[in-house]
Structures are given as C-alpha cells and as structure tokens.
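Quick notes on the structure that follows.
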Amino acid sequence: MATARLKDIARNVLARTDVKCLIGYRRGSYGFRVSPCILTARDDVEQLEFSPLCIHNLASYLTQENIGPLVTTTDSARSKIALLVKGCDSKALNHLIAERGIERDALIIIGIPCPGVVNIKKLEERFPDIVERAAVDVKGTMLAVTIAGATTEVPLDEVLADKCKRCTHPTPLVYDELVGEPLPGREDTFADVVEAESLALEERFQKWREQFARCIRCYACKNTCPLCYCSDCALDRLRPQLIRRSVSVQENLLFHVTRAFHLAGRCIDCGECERVCPQGIPLMELNRKLAKDVKELFGYEPGLDPQAKPVLAVFAPDDSNDEIL
Amino acid sequence: MDTAVLKKENLTAFLKSLQGVRLIAPVAHKGKTSFEVITDPGAVTLNLDDYSASPKKALFPQTETLFAFKRERDTVTIAPAEQAPASVVFGIRPCDARSFVILDRLFDGDFKDPYYLNKRQRTVLIGLSCKEPTNRCFCPSLGGSPSGAEGLDLLFTDIGDEYFITVITDRGRELLEPAAALLTQPTDDQKNKKDQADRAAHEKLLRAFESEAWLELANKCLGCGICTYYCPTCHCFDIQDEGDQVEGRRIRVWDACMYEEFTRHTSGANPRHNRAERLRNRILHKFSYYPRNLGYVACVGCGRCIELCPVNEDIIEILDRVRELNG
C-alpha cells in the first residue's frame with residue numbers, strides 16, 4: 001500500500017543524521033482540509049498521508065527564508081530537507097535547481113505519481129459544512145468520498161483542479177524515491193489561453209481592471225509561489241517605491257502585471273497562486289498566457305530539466321533581437 | 001416599538017426608505033460577496049454563510065486619506081480629508097457587529113481616533129441573525145451568539161416569509177420611522193418563529209474548542225495577509241505619504257502583523273523575524289494583550305481565518321494547543 005511505503009521511506013529519511021526535516025502532508029483540522037506538516041522525529045511519520053486532498057505545493061517551503069526560516073533544528077550537520085512532491089511540484093524543484101535557487105544535494109525528494117488533486121471549493125460545495133474529517137480516494141474515473149463511514153462516488157473530472165485536467169507530468173520528473181507506479185500525462189492545448197486571447201484588447205483590459213479592483217493585496221499569491229522568492233522584493237521596497245501601498249486598481253494592476261512578467265518562463269503551472277487567492281482572481285490566466293508565449297517564441301518550458309538554461313536568464317549571442325525596438 | 005415585522009418582498013422598499021444616507025450592504029460580484037456602497041437596493045445579496053469580507057472597511061477602510069497636501073511656490077496648503085456621509089450598514093452578521101464593539105475599545109480609547117469615530121457616530125448598524133452558522137463558526141466560545149445584538153442598532157431575523165426586526169437603540173428606532181407603512185406588529189406565531197430560528201442556529205454551534213492538539217504551530221504559515229485582512233477585529237495600519245514633491249496625500253492603509261516587514265526596523269533588525277514569533281503575537285494580541293489592556297477578547301468567532309487560510313492554520317487548533325501548554 002502506497003501510504004505504508006511512504007511512511008517507511010519517511011521513517012528511514014528521518015533516521016538519517018544529515019536530515020533537518022521532512023515536509024509532507026497530514027490530515028487537517030476539519031472536513032476536506034489537509035495541512036502541510038514539517039516533521040523532525042521518526043515517530044511523527046504516522047501522521048503522514050497522501051490523497052487528492054494534498055493540494056499544496058510543498059516546494060514553496062524551500063524558498064521562504066525571506067518570510068523567516070523554518071524552525072527545526074540547530075544542528076548544522078543536519079543540512080538536508082526531505083519533501084514530498086507531485087508531478088507539478090517537481091517541476092518547481094527542477095526550475096529552482098536550474099536557476100540555482102536551491103541545491104539539488106540539499107534535497108531528498110520523495111516523488112508521488114499523482115492522479116490529480118481536487119478543487120476543495122468544488123468538493124465543499126457538493127458536501128457542505130462537513131466538520132468531521134472526510135477521506136477521498138481515486139477509483140478510476142470516480143472519486144470515492146467517505147464522510148462518517150458513508151462513501152459516495154462523484155465523477156473525478158467534476159471536482160478535479162483545473163491544472164490537473166491539463167497535467168502533462170503527473171509523475172515527478174526528479175526524485176530520490178518514487179512511491180507508486182508512473183502515470184501517463186494528459187495534453188495541454190492551452191485552450192483556456194486561446195479563448196482568453198479571443199477577447200479584444202479593450203475587453204481584456206476591462207476584464208482585468210475589474211479583477212484587480214477586487215485584490216486586497218494580502219500577498220498570498222506571492223508568498224505561496226515557490227518561484228517568487230527574491231530576498232528583497234522590489235515590489236516591497238519603500239525607496240524607491242515602485243508600487244504604492246494604497247490599495248487601488250492602478251497599484252494592484254502594477255503589482256500583478258509585474259509579478260506575472262517575472263514569472264514568464266519560470267511559472268510551472270502548479271496553480272497555487274490562484275488556489276490561495278481569497279478573492280477568487282483567476283491569476284493563472286495571466287501566467288499561462290505568458291507560458292504559452294514563451295513556449296511559442298522560444299520553444300521553452302520551465303521545470304522539465306534541472307540542467308536547462310532558464311530561457312530569460314541567459315545571453316545568447318545569436319539571438320535575433322527582433323523584439324528590441 | 002421594540003419589535004416589528006417586514007415582509008421579505010418589501011425589503012427593497014424598506015432600503016429605499018432610507019433617504020439621505022449612504023447605504024452599505026452585501027452585494028455579490030463574480031461569486032464573492034462583499035460590503036459595498038449600494039446604489040440599487042435591489043442588488044443587495046443577503047448571503048451570510050459565504051465567507052465574504054467583513055464590513056470592517058465601512059468604518060475602517062483599507063486605504064483612507066487622512067489629508068491632502070499641495071505646494072504652490074512657498075506655501076503648502078493642507079486640505080482635510082472629505083468626511084464620509086451619514087451611512088447605514090445593512091446585513092451585518094452578529095459576530096461582525098461585536099467586532100465594532102471591540103474596535104471601539106481601541107479607536108475610542110486613550111487616543112480618540114477621529115477618522116474612525118466620525119464614521120462610527122454617523123453610521124447606523126443593522127444586523128441579520130445567522131440562520132446557518134458554518135462548520136468554521138465558534139462565536140459562542142467568545143461570548144457571542146448567532147442572534148446577538150451587541151453593537152447593533154437594529155437586528156433582522158429571517159423567519160420565513162418575513163424579517164422579524166428587533167429594535168436595539170433609539171437610532172435604530174428613528175431609522176424605522178419613514179418605513180412605518182411597511183411594518184406590522186409581530187403576531188404570537190411570528191414571535192415563536194423568531195425564537196425557533198435563534199435556537200436552531202445555536203444548535204449548529206457545538207464544535208467550539210474541541211479539536212486535536214497539533215504539532216507545529218507556525219512553520220507552515222506562509223506569512224500572507226489573508227487572516228488579518230479578513231478578520232473583523234484586526235486593526236493595525238501603516239501611514240504613508242503618497243504623491244510627489246508638489247502634491248499628494250497622507251493615507252493610512254491596513255497592515256498585517258503576519259508580514260515579515262511589519263516589525264522590521266530601519267536598521268534591518270527584526271524583533272519578530274520568525275513566523276512563530278509573528279503567529280504567537282497575532283494569537284496573544286487577540287486572546288491576551290487586548291483583553292488585558294482593553295477588557296475584550298479581540299476575536300468574535302466568525303471563522304473567516306479558518307475558512308480562508310491556504311495551509312489550514314486553524315485558530316481553534318492553535319488555542320487548543322496553547323491551552324494544553326498552559327496545563
């Protein structure tokens with residue numbers, strides 16, 4: 001059984017003297033909620049679980065020194081961090097390794113082939129106000145939902161997160177241990193972006209003005225993004241103050257557009273920014289538009305190869321420079 | 001008149017009777033409900049179990065101009081901020097209404113905050129009893145109630161085809177006067193329905209503090225501002241001058257203690273560098289410092305932070321764990 005093997009691996013990892021902590025998932029405080037957990041002791045591994053409720057991209061925790069270090073151990077010999085990754089999460093690791101944001105050697109990667117994670121909001125709409133812990137399990141094309149001992153099956157595609165419906169790499173691309181059998185990927189046709197592109201420029205601008213007017217600048221999108229990890233974010237600075245602290249559509253727009261451009265050729269489509277947005281702003285539409293452009297212009301997709309040269313971070317003498325005015 | 005009944009079909013007409021005041025009420029926009037200034041009373045959405053933003057911003061806007069300044073040659077003119085018009089906030093959950101009582105302790109405390117108090121004095125608060133508290137709600141643990149009246153001027157309760165109106169203050173009573181033709185005296189049956197509605201909501205709220213202890217309190221926190229910005233009692237703000245050398249304005253804007261920058265000193269040192277220190281501060285501010293200094297627990301049990309936290313940081317779990325630590 002996959003969970004048993006996961007726990008065995010985790011127990012062995014935490015027994016090592018060079019490991020600082022293991023970042024995984026444990027059951028959450030109620031209903032369908034699962035919580036990220038940062039374990040340090042072998043006995044803790046009993047808490048670990050993995051299911052389509054494990055929505056978070058745990059790679060985010062590797063790059064958050066600016067938020068404050070993870071408090072685990074003071075033993076400097078314990079330098080390695082172990083973590084669980086799904087296919088999409090592993091692309092974040094690959095890209096972080098490629099752009100030297102993290103060292104491959106500092107990681108112990110436990111990969112889990114992922115049949116897709118659920119959109120918790122959709123599940124909570126179908127099963128509202130569940131207090132007791134609910135469990136879910138993929139059964140072919142169905143999702144078995146167990147609440148208080150009673151199991152109901154719902155079509156998986158109806159509650160799956162959007163990103164999973166177009167997931168090209170459900171099996172992690174980089175790992176030290178793989179729990180379970182590799183799974184085939186789906187195709188990503190960027191149909192959503194093509195549709196968004198069909199809007200006239202003026203309509204597009206109006207649409208995003210309305211979306212950004214609702215942003216409350218809580219920075220959850222920025223803080224959860226595994227690739228948004230500058231130790232000194234230009235958008236936070238007071239001198240020069242590139243973006244004012246007042247919350248208005250102009251400042252919000254500048255924040256989001258700057259962030260989206262900084263993620264061009266870097267965003268690996270984990271969808272965490274959009275998932276965490278409390279205002280329901282469809283941020284992935286922006287990121288995916290840029291991902292599609294980068295793919296078409298440079299034939300580049302981030303996160304597939306840890307040895308890749310990040311496309312917008314390299315100087316190519318033979319670049320045609322067509323885009324430069 | 002201490003109680004009255006309003007037919008639901010007359011709600012829009014009632015809201016239209018509020019002449020000469022600015023109406024702030026929940027409206028739905030792209031699947032999210034928030035308290036906004038209303039021009040069309042027919043658009044009001046009373047969707048209370050949706051975790052919409054709290055009405056805090058009606059009295060304490062996220063960004064607020066304190067004054068504007070303009071330089072001409074050698075003189076600088078300072079223009080005070082425009083005063084908000086007299087307002088009615090309609091559709092407030094009883095937990096959120098209590099948050100105003102809690103905020104009063106601070107903004108009407110040792111220092112009288114003119115910006116908040118001006119709006120507070122000119123705003124009538126109309127509540128709507130919670131019919132369906134959610135699985136994240138824990139207001140009774142904090143002294144509240146789904147049909148609580150604290151902080152309100154009027155309380156509406158859904159009793160089926162009508163709203164049962166309880167008058168709480170004279171301001172509330174005066175507000176009903178222009179709408180007298182729309183109101184009737186409650187019958188015994190309607191009074192019974194009101195009592196039943198109150199009891200039914202209470203029975204849904206048994207979860208309270210019963211929850212398993214947890215291991216790591218703060219490591220999983222992403223340091224974003226969701227919990228603070230959605231919290232109806234969080235009130236920390238920053239003050240900034242925005243503009244250029246010729247003209248601009250001084251604003252205050254919400255700030256969040258969960259941001260690393262919140263306590264960063266000019267020197268670069270930060271007394272709350274770790275997320276654990278920041279989380280501890282947020283919890284203790286609500287449950288220890290505020291009660292000690294101002295006599296109120298600064299949490300109303302609305303459950304928004306539990307619902308919206310991206311990493312399942314659950315304030316009930318935290319309090320359980322803290323209680324265990326205290327023995």
Side-chain angles (χ1 to χ4, degrees), chain A residues 21 23 26-31 33-41 44 47 55-56 58 60-61 64 66-72 121 124 128-132 210-211 213-214 216-224 236 238 241 244-248 251 272 275-282, chain B residues 29-32 34 49 51 53 62-63 65 132-136 204 206-207 211-212 214-216 218-230 238 240 242 249 251 253-256 258-261 270 272-278 304 306-314 316-317:
Chain A
C21 62
I23 309 174
R26 68 164 171 87
R27 63 184 200 166
S29 58
Y30 68 96
R33 304 300 174 109
V34 158
S35 169
C37 60
I38 291 120
L39 308 181
T40 52
D44 295 344
Q47 299 176 45
I55 47 183
H56 323 78
L58 301 178
S60 304
Y61 287 107
Q64 289 185 332
N66 53 335
I67 298 171
L70 292 175
V71 183
T72 49
K121 285 179 195 140
E124 288 181 346
D129 277 344
I130 308 298
V131 175
E132 61 271 62
E210 282 176 21
Q211 291 291 358
R214 299 159 56 227
I216 59 165
R217 295 263 287 282
C218 65
Y219 302 123
C221 52
K222 181 178 80 158
N223 286 9
T224 197
D236 278 344
L238 292 171
Q241 190 173 38
R244 290 174 175 173
R245 295 295 163 92
S246 50
V247 176
S248 65
E251 306 302 321
E272 281 289 84
R275 175 183 73 82
V276 303
C277 177
Q279 296 288 85
I281 301 172
Chain B
H29 181 62
K30 293 190 190 293
K32 278 271 164 186
S34 61
D49 57 0
Y51 275 80
Q62 181 159 20
T63 306
T65 301
E132 294 278 327
T134 73
N135 55 348
R136 282 82 71 196
K204 279 201 78 180
L206 297 173
R207 180 181 179 225
S211 176
E212 288 176 16
W214 64 332
L215 284 171
E216 74 291 344
N219 269 343
K220 65 178 177 177
C221 171
L222 295 171
C224 76
I226 292 178
C227 51
T228 41
Y229 285 177
Y230 274 84
D238 190 9
Q240 298 253 324
E242 293 189 344
R249 57 181 192 143
I251 59 156
V253 55
W254 292 354
D255 206 347
M258 303 309 287
Y259 294 158
E260 191 274 342
E261 186 203 43
N270 191 340
R272 290 189 218 132
H273 177 55
N274 282 332
R275 48 193 108 189
E277 290 155 354
R278 297 197 290 274
R304 288 186 179 89
I306 302 175
E307 161 71 14
L308 291 169
C309 178
V311 292
N312 190 229
E313 198 79 88
D314 185 325
I316 299 176
E317 273 195 323

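In what follows, every chain begins at residue 1, and chains take the letters A, B, ... in the order their sequences are listed. Source: prediction; values computed, not measured.
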Notebook entry, point to check: Is it the side chain or the backbone of B:C227 that comes within 4.5 Å of chain A heavy atoms, both, or neither?
Noted result: neither
Note to self: With rounding to the nearest 0.5 angstrom, report the OG1 to CZ distance, B:T63 to A:R244.
What the structure shows: 12.0 Å
Check: Where do B:R249 and A:S246 come nearest, in terms of heavy atoms and distance?
Finding: NH2-CB, 3.6 Å
Next item on the list: First locate atom CD of B:Q62, then atom SG of A:C218, and finally report the distance between them rounded to the nearest 0.5 Å.
Entry: 9.0 Å
Next item on the list: List for me each residue that meets salt bridge (Lys or Arg N to Asp or Glu O under 4.0 Å) alongside A:R33, sequence neighbours excluded, and say none if there are none.
Entry: A:E124, B:E307
Next item on the list: With rounding to the nearest 0.5 Å, note down the distance linking CD1 in B:I306 to OH in A:Y30.
Entry: 7.0 Å
Checklist line | Under the ring pair (Phe, Tyr, Trp, His ring centres under 6.0 Å) test, residues paired with B:Y229 that sit two or more places apart | finding: B:W254
Notebook entry, point to check: Side chain, backbone, both or neither: which part of B:I226 has a heavy atom under 4.5 Å from chain A?
Noted result: both
Check: Minimum heavy-atom separation for A:I38 to B:N219, with atom names?
Finding: CD1-CB, 3.5 Å
Next item on the list: Kindly compute the distance separating CZ (A:R245) from CD1 (B:I251), expressed to the nearest 0.5 Å.
Entry: 9.5 Å
Item checked: Interchain contact, A:I55 with chain B, by part (heavy-atom threshold 4.5 Å) -> neither
Next item on the list: Would you mind telling me which of B:E277, B:E261, B:E242, B:Q240 has the largest number of heavy-atom pairs within less than 4.5 Å of chain A?
Entry: B:E242
Check: How far apart are the closest heavy atoms of A:P36 and B:K220, and which atoms are they?
Finding: O-CD, 3.5 Å
Item checked: Closest heavy-atom pair and its distance - B:E317, A:S29 -> CD-CB, 3.5 Å
Item checked: chain B interface, residue from A:Q211, A:H56, A:R214, A:R275 that has the most non-hydrogen pairs under 4.5 Å -> A:R214
Check: What heavy-atom pair brings A:S35 and B:N312 nearest, and what distance separates the two atoms?
Finding: CB-OD1, 3.7 Å
Notebook entry, point to check: Is there a donor-acceptor pair closer than 3.5 Å between any side-chain N or O of A:Y219 and the backbone N or O of B:G225?
Noted result: no
Next item on the list: May I ask you to name which of A:E210, A:R217, A:K222 has the most heavy-atom pairs under 4.5 Å with chain B?
Entry: A:R217
Margin query: Does any backbone or side-chain atom of B:D238 lie under 4.5 Å from a heavy atom of chain A? Answer side chain, backbone, both or neither.
Written below: side chain
Margin query: Given 3.5 Å as the limit, does a donor-acceptor pair link the side chain of A:Y61 with the main chain of B:L222, or not?
Written below: no
